[in-house]
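Worksheet for the structure shown next.
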Amino acid sequence: MLFLHAVEQGLIYGLMALGVYLSFRVLSFPDLSVDGTLPLGAAVAALLVLRGFSPYVALLGAFGAGLVAGAFTGALATRLRIPGLLAGVLTMIMLYSLNLRIMGRPNLSLLGRPSALLRLATTLAVPKGYEVLVTSGIFAGGALLLLLLFLFTELGGAMRAVGQNPDMVRTLGIAPENLVVLGLALANGLVALSGAFVAQYSGFADVGMGIGTIVAGLASVMIGELLLRPRGICTHLVAVMVGSVGYRLAISLALRYGATLGFTASDLRLLTALVVLGALAAPVIRAALRGEEA
C-alpha cells in the first residue's frame, strides 16, 4: 500500500517535475514561480469543479492559468529585463494573493466532488484499488509523450537551443526572448496541471500547498538523472518521471520508518532537504570513491 500510494503521487507530481525540468534544464532559467503556480492550478480546478464544471474542464482551466502565469514570469524577465530569479519570486508572491482571491478562503474542500482520475477509471473499468494508479499513469504518460513530440518539432528544437546557446538562435533570425516566454508558459502550465490533479486526488485545494514545490521538482530531476544517467531528451523525460516516483517513495519511507530516529510528520521539510542533499552529494561521493579505487 505504501509503494502504491508513492507511485500514484509520483506520477501526479511527475507533471510538476516535467515543468521544472523544462525551465531549469532545457531553458536554463531558475524559475521559482512554480511554488505559486501549483496552488494556482489547484485553486482554479477546485473553483471550477465546485461551480459544476466537468473535472476535465477544470484541468484545462488550470493548465490555461499556468500558461498565463508562466508567460508573465517570462515577460518580466525578457521585456522588463528583471533577473530571472527575481522575476520568479515576484510572480510567486503575487500568485499567493491571487490564489486567495480565487478561492475566497485559505482552502477549499472537494470531498464528494467528481474527479478526473476516478471518472476515467470508471470509464475504463479499472479494477478496484488501482483506479488512481492506472489513470494517473495514463495522464502522466500522455503529458510526457506530448512534451516529447513538441521538443522534437522545429519550434521545440529551437527552444532547446535557447538554453544552450541563445546567441546562435538569434543568428538564425529567431528571438530567444519569445522562446523563453513560451517555454516558461508551458513549464508552469504543466505545474498548474499537476496542482489540479493533486487537488482532485487529495480532495482539497490549499493556498500553502505549493511550499517546497521547486525543491521537490529539482529533487525529482536529480534523482532521475542519478538513477538512469540519461543521454537523450527522451530518456531525460523518462528519468524525470522515475525520479518523481523515487522521491515520493523516499519521503514515504522516511516518514514511516523515521520514527525510530526521532522524526515526525512535522519534520517533512527536513526530510525533503536531506533527500535533495543526498541526490546532490551522491555524484561527488561516487567520483571520490572511484578516485580511491583508481
Side-chain angles (χ1 to χ4, degrees), residues 8-23 31-74 88 91-92 94-111 113-120 132 135-144 146-147 150 181-214 216-217 244:
E8 291 172 353
Q9 293 178 14
L11 291 172
I12 292 172
Y13 281 102
L15 298 174
M16 174 272 295
L18 288 175
V20 172
Y21 171 81
L22 186 60
S23 59
D31 182 19
L32 300 185
S33 63
V34 295
D35 275 28
T37 309
L38 187 125
L40 171 66
V44 171
L47 183 65
L48 291 175
V49 169
L50 290 174
R51 292 193 175 181
F53 287 91
S54 163
Y56 298 113
V57 174
L59 295 178
L60 291 176
F63 181 70
L67 290 177
V68 174
F72 180 75
T73 301
T91 302
M92 177 181 63
M94 287 186 280
L95 285 177
Y96 183 86
S97 297
L98 179 61
N99 293 336
L100 280 174
R101 281 188 170 271
I102 292 174
M103 294 192 293
R105 63 187 73 172
N107 54 69
L108 291 175
S109 175
L110 291 176
L111 295 177
R113 299 288 180 168
S115 164
L117 295 168
L118 297 180
R119 181 167 291 186
L120 179 60
V132 177
T135 53
S136 60
I138 291 174
F139 282 116
L144 189 152
L146 289 175
L147 179 59
F150 169 74
V181 173
L182 175 60
L184 289 178
L186 289 176
N188 283 273
L190 287 170
V191 175
L193 182 61
S194 177
F197 277 117
V198 171
Q200 295 186 18
Y201 172 78
S202 60
F204 71 93
D206 189 274
V207 70
M209 66 193 302
I211 298 176
T213 297
I214 186 61
S244 179

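Owing to the predicted nature of the structure, the values given are computational and were not obtained by experimental measurement.
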Mind checking whether [X] and [Y] have side chains closer than 4.5 Å, heavy atoms only?
X: L117; Y: I12; result: yes
X: V57; Y: L60; result: no
X: Y56; Y: L120; result: yes
X: N188; Y: T91; result: no

Return the [atom1] to [atom2] distance between [X] and [Y], rounded to the nearest 0.5 Å.
X: L18; Y: L146; atom1: CG; atom2: CG; result: 11.0 Å
X: T73; Y: L32; atom1: OG1; atom2: CG; result: 9.5 Å
X: F63; Y: L15; atom1: CZ; atom2: CG; result: 10.5 Å
X: M209; Y: D35; atom1: CE; atom2: CG; result: 12.0 Å
X: I211; Y: M92; atom1: CD1; atom2: CE; result: 9.5 Å

Exercise for the section: Can you see which heavy atom on G74 is nearest to which on L184, and at what distance? Expected result: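 That would be CA-CD1, 3.5 Å.
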Exercise for the section: Mind listing the closest non-hydrogen atom pair of A196 and L59 along with its distance? Expected result: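 Taking A196 first and L59 second, the nearest heavy atoms are CB-CD2, 3.7 Å.
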Considering only distance and modelled atom types, tabulate donor-acceptor pairs under 3.5 Å from the side chains of residues 38-48, sequence neighbours left out.
none

Practice task
For the pair S244 (side chain) and G10 (backbone), establish whether a donor and an acceptor sit closer than 3.5 Å, ignoring hydrogens and angles.
Solution key: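 Yes: the side chain of S244 pairs with the backbone of G10.
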Problem - Full working for side-chain contact (heavy atoms from CB on, under 4.5 Å) between L95 and L98 - result: CA-CA 5 Å; L95 285 177; L98 179 61; 3.8 Å; yes
Identify all side-chain donor-acceptor contacts of residues 136-143 below 3.5 Å with residues at least two apart in sequence or on another chain.
from : atom 1 : to   : atom 2 : distance (Å)
S136 : OG     : V132 : O      : 2.5
S136 : OG     : L133 : O      : 3.1

Exercise for the section: Mind running side-chain contact (heavy atoms from CB on, under 4.5 Å) on L186 and L67 for me, showing each step along the way? Expected result: CA-CA 6 Å; L186 289 176; L67 290 177; 4.2 Å; yes
For a quick test of your reading: what N or O donor-acceptor pairs under 3.5 Å do the side chains of residues 198-206 make, sequence neighbours left out?
from : atom 1 : to   : atom 2 : distance (Å)
Q200 : OE1    : A116 : N      : 2.7
Q200 : NE2    : P55  : O      : 3.4
Y201 : OH     : E8   : OE1    : 3.1
S202 : OG     : V198 : O      : 2.7
S202 : OG     : F204 : O      : 3.4
D206 : OD1    : G208 : N      : 2.7

